[in-house]
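What follows is a single structure, written as structure tokens, with notes after it.
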Amino acid sequence: MTAAGAATLALLWERVERQGDMPGFGKAVGAVLGAMRGEVGQEFNMARTVLSDPVLTKKVEKAVLAGMVAQQVAISASATDPEEAVVCSMLHALGRMLVSFYLPESWGALRAHDGAGGDAAALLGLPLVAIGRAAAERWGLPAKLVASMRDIAPGGDGGALAPEDWLAAMATMSAQCADSLWDDRPGADAQLAALAGRYAGMLGVAPDALVGAIGQARSAAATTLSIAPLARPGEQRARALQTSERRADSHRMLMAGMCAMRALPGDASAARRISMALETLWKALGLARATAFQHRGGSYAAKIGFGEGVRELLGQMDFADDYEPNVFHAALTSDRIIYIDNARDPQFTQRLPPWWNSTLAGARSFLILPLCAGGQPVGFLYGDWAAAYAPLPLAQAEFALLNELRGQLVAAFERRYELETAANRV
């Protein structure tokens, strides 16, 4: 190994140690090891494991597509373990993933060099696939997987290949297929046909069958792999961009609101804190209405609200704290955020209380953030979206921020509860 290559790996390991695993990738590697070792209770699906983490998915989009190609080709080749081919094909891109995540400055230089990964051997001292292989060895992945993590040029026939060589050839071809399929550009079919012709003999699959298997992977990706451009016509891409921009704005407003709340003096009233949190929620999520309910005297009553027509409804929004099997009591009992995407679903309407139907039934979607102190509910924040307005699809990132927002309120209520309890003991 060259000195430049050794320096690259040393920096990579230092970044991994300092920053921790790529989000979700430790889980994925654990699943690989468990499956390959035959551990009891391991149910393995590499694509599902990786795709369950949106941050990691963004880093490996093409690796997942390569895995889908490998799966279809392995089935056509009557491979004894198609999932093994999926693993190898996805890990073939491990070096690319690691460099893009942990060494973004190097990744930028590579992309600037030729726009598609650059000459890694010249710029980093070793190829991307060698970086991935070094990581696999460091993590103790099975030897068969490590041996397959290399590029193999087409040639020969499948009967002469050792199992790890066949997997390496499969992974190499699948990665090249993913590059050709990714943007679904004109001329991709010709590229894929040529690629199939070069690798068919080596993989032991007839060229026509290989082209058919790649086509099946393309169709599957177009319907299930929403991150790939080939799955998004122009207008879908525009909507995705709009959603992404809305999400970024929402996050900025939520974080700004929480910063403002943290800056409040310690003696700020509960009413002021609730008002700030509610207004932040209303603006950040683009709610039609936002209302804060207070628990007092055996009932919950709306005390403050934002949005058109809310003030006129405040006096009508109250209900007893006696338990009833509806969504509001469910949120308060479980002390967790509840988001209802379609309040008009006939199967759900029975879980909506009469007071909601008489005041807020114009909403299509709504959100409940329960607030507790001393182990007991003290109220909740409510927000909804009108039927004519498409809400921002709430994902894990939004729920994390919303829990942080309500956590700030709960902490303030807990402090007040402790002070009141201490005063009552005197």
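We number each residue from 1, following the sequence as shown. Both backbone and side-chain heavy atoms feed into the values below; hydrogens, waters and symmetry mates do not.
In this structure, His295 contributes its side chain and Gly379 its backbone to no donor-acceptor pair below 3.5 Å. Between the Ser275 side chain and the Ala271 main chain, no donor and acceptor come within less than 3.5 Å of each other. Panel note: side chain Ser365, backbone Asp341; a donor-acceptor pair is recorded below 3.5 Å. Between the side chain of Thr333 and the main chain of Ala330, no donor-acceptor pair closer than 3.5 Å is present.
Under the salt bridge (charged side-chain N to carboxylate O under 4.0 Å, His left out) criterion, Arg272 pairs with no residue at all, not counting sequence neighbours. Listed by chain and number, the residues in a salt bridge (charged side-chain N to carboxylate O under 4.0 Å, His left out) with Arg150 are Asp165 (sequence neighbours excluded). Checked against salt bridge (charged side-chain N to carboxylate O under 4.0 Å, His left out), Glu164 has no partners two or more places apart in sequence or in another chain. Residues passing the side chain to side chain contact (heavy atoms under 4.5 Å, CB included) test with Glu279 are Trp282, Lys283, Phe306, sequence neighbours excluded. For Gln350, there are no side chain to side chain contact (heavy atoms under 4.5 Å, CB included) partners two or more places apart in sequence or in a different chain. The salt bridge (charged side-chain N to carboxylate O under 4.0 Å, His left out) check on Arg198 picks up nothing, with sequence neighbours excluded. With sequence neighbours excluded, the residues satisfying ring-ring contact (aromatic ring centres under 6.0 Å, His included) with Phe366 are Phe328, Trp356, Tyr382. Listed by chain and number, the residues in a side chain to side chain contact (heavy atoms under 4.5 Å, CB included) with Ser250 are Leu254, Ala284, Leu285, Leu392 (sequence neighbours excluded). Take Ala175 and apply the side chain to side chain contact (heavy atoms under 4.5 Å, CB included) test, not counting sequence neighbours, and it matches His92. Evaluation of the ring-ring contact (aromatic ring centres under 6.0 Å, His included) rule for His329 yields Phe319, Tyr323 as partners, not counting sequence neighbours. Residues satisfying the ring-ring contact (aromatic ring centres under 6.0 Å, His included) test with Phe293, not counting sequence neighbours, are Trp355, Phe380.
Counting heavy atoms from C-beta outward, Leu360 and Asp384 have side chains that approach closer than 4.5 Å. For the pair Tyr339/Phe399, a side-chain contact is recorded, criterion being any heavy-atom separation below 4.5 Å from C-beta on. Residues Phe348 and Leu352 are in side-chain contact: their nearest non-hydrogen atoms beyond the backbone lie under 4.5 Å apart. By the 4.5 Å heavy-atom criterion applied to side chains, Leu124 and Val99 are counted as neighbours. Within the 4.5 Å cutoff, side-chain heavy atoms of Phe413 are placed close to those of Ile274. Contact annotation: the side chain of Val378 never approaches that of Cys372 to less than 4.5 Å [non-hydrogen atoms, C-beta and beyond]. Proximity of Leu145 to Leu167: side-chain heavy atoms (C-beta onward) are nowhere separated by under 4.5 Å. Side-chain contact check for Met173 versus Val73: some heavy-atom pair is nearer than 4.5 Å.
Remark: Arg246 CZ to Ser244 OG distance equals 11.5 Å, nearest 0.5 Å. Between the CZ atom of Arg96 and the CD1 atom of Ile131 there is a distance of 11.5 Å, given to the nearest 0.5 Å. The distance from atom CG of Leu98 to atom OG of Ser106, rounded to the nearest 0.5 Å, is 12.0 Å. Distance CZ/Arg218 to CD/Gln72: 13.5 Å, rounded to 0.5 Å. Leu281 CG to Leu401 CG: the interatomic distance, rounded to the nearest 0.5 Å, is 11.0 Å. In this structure, the separation between CD on Gln376 and CG on Leu371 is 13.5 Å, given to the nearest 0.5 Å.
Pairing each heavy atom of Ile152 with each of Ala168, the nearest pair is CD1-CB, 3.6 Å. Smallest separation of non-hydrogen atoms from Ala363 and Arg344: O-NE, 3.7 Å. Summarising the geometry of Leu94 relative to Ala135, their closest heavy-atom pair is CD2-CB, 4.1 Å, with the distance given to 0.1 Å. Residues Val69 and Ala217 approach most closely at CA-CB, 3.6 Å, considering heavy atoms. Here the closest heavy-atom approach between residue Ser89 and residue Ala171 is recorded as OG-CA, 3.6 Å. The two atoms that bring Met202 and Ala169 nearest to each other are SD-CB, 3.3 Å, heavy atoms only.
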Evaluation steps, side chain to side chain contact (heavy atoms under 4.5 Å, CB included), between Arg289 and Trp385 = CA-CA 7 Å; Arg289 295 170 294 203; Trp385 293 269; over 6 Å; no
task = Tell me, with the steps shown, if Leu369 and Ile338 meet side chain to side chain contact (heavy atoms under 4.5 Å, CB included).
result = CA-CA 7 Å; Leu369 280 71; Ile338 286 185; over 6 Å; no
message = Pair Leu9, Trp13 - check side chain to side chain contact (heavy atoms under 4.5 Å, CB included), show working.
response = CA-CA 6 Å; Leu9 291 180; Trp13 307 148; 3.9 Å; yes
task = With side chain to side chain contact (heavy atoms under 4.5 Å, CB included) as the test, would you mind laying out the steps for Leu203 and Met170 before giving the verdict?
result = CA-CA 7 Å; Leu203 296 175; Met170 166 71 73; 4.2 Å; yes
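Screening residues 394-411 for salt bridge (Lys or Arg N to Asp or Glu O under 4.0 Å), with sequence neighbours left out, gives Arg247-Glu398, Arg262-Glu404, Asp335-Arg406.
The residue from Leu405, Ile368, Leu402, Leu381 that alone fulfils the side-chain contact (heavy atoms from CB on, under 4.5 Å) condition with Ile337 is Leu402.
For Arg15 and Glu105, the salt-bridge test passes: some basic side-chain N is under 4.0 Å from an acidic carboxylate O.
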